[in-house]
Amino acid sequence: MEEQTGISRNRLSKSVYNSESPLNTNELDQLCKALGAKPSEVVRRAERALQYESFALAAYRSDEPKGADEIFE
């Protein structure tokens, strides 16, 4: 991936796995081109993953089971 994007492995690791330094728009664009994905689709999927993570955390903390409709209101 480093050769395809010009983004170092260390930089990607810090951005993706450690959330130390977010990717800038140019880096996101380079990654998307290398993966054959649209930036808007990557962002949409990331937002959805965060929603599911929030849902799971809220359900875990709650004594009462909640459906996704209640969490995502």
Side-chain angles (χ1 to χ4, degrees):
M1 187 63 66
E2 185 174 349
E3 290 178 13
Q4 294 173 316
T5 64
I7 303 168
S8 74
R9 184 177 188 169
N10 186 42
R11 169 79 175 115
L12 283 175
S13 179
K14 285 181 178 180
S15 297
V16 176
Y17 298 111
N18 299 330
S19 299
E20 290 181 21
S21 177
L23 295 171
N24 63 45
T25 54
N26 290 334
E27 292 168 327
L28 176 61
D29 189 51
Q30 290 169 315
L31 284 171
C32 289
K33 285 179 183 176
L35 296 171
K38 293 180 180 179
S40 59
E41 180 64 18
V42 171
V43 170
R44 186 187 69 75
R45 287 182 181 212
E47 288 175 339
R48 187 169 213 159
L50 287 172
Q51 285 178 334
Y52 284 127
E53 190 174 289
S54 295
F55 170 72
L57 183 59
Y60 174 77
R61 290 182 175 169
S62 174
D63 290 337
E64 298 177 25
K66 294 184 179 179
D69 292 341
E70 294 175 285
I71 300 295
F72 296 126
E73 289 181 341

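Quick caveat: nothing in here was measured; it's all calculated off a predicted structure.
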Completion exercise
Separation between CG (N26) and CD (Q30), nearest 0.5 Å, reads 6.5 Å
Exercise for the section: To the nearest 0.5 angstrom, please state how far the CD1 atom of I7 sits from the CG atom of L28. Expected result: 8.5 Å
Practice task
Would you check if the side chain of S21 reaches a backbone N or O of S15 as a donor-acceptor pair within less than 3.5 Å?
Solution key: no
Handout entry: Short N-O contact, E41 and R44, less than 4.0 angstrom
Key = yes
Practice task
Examine distances only and state if a side-chain atom of R9 and a backbone atom of M1 form a donor-acceptor pair shorter than 3.5 Å.
Solution key: no
Handout entry: Criterion side chain to side chain contact (heavy atoms under 4.5 Å, CB included) against C32, the qualifying member of V43, V42, T5
Key = V42
Handout entry: Whether E27 side chain and N24 backbone form a donor-acceptor pair below 3.5 Å
Key = yes
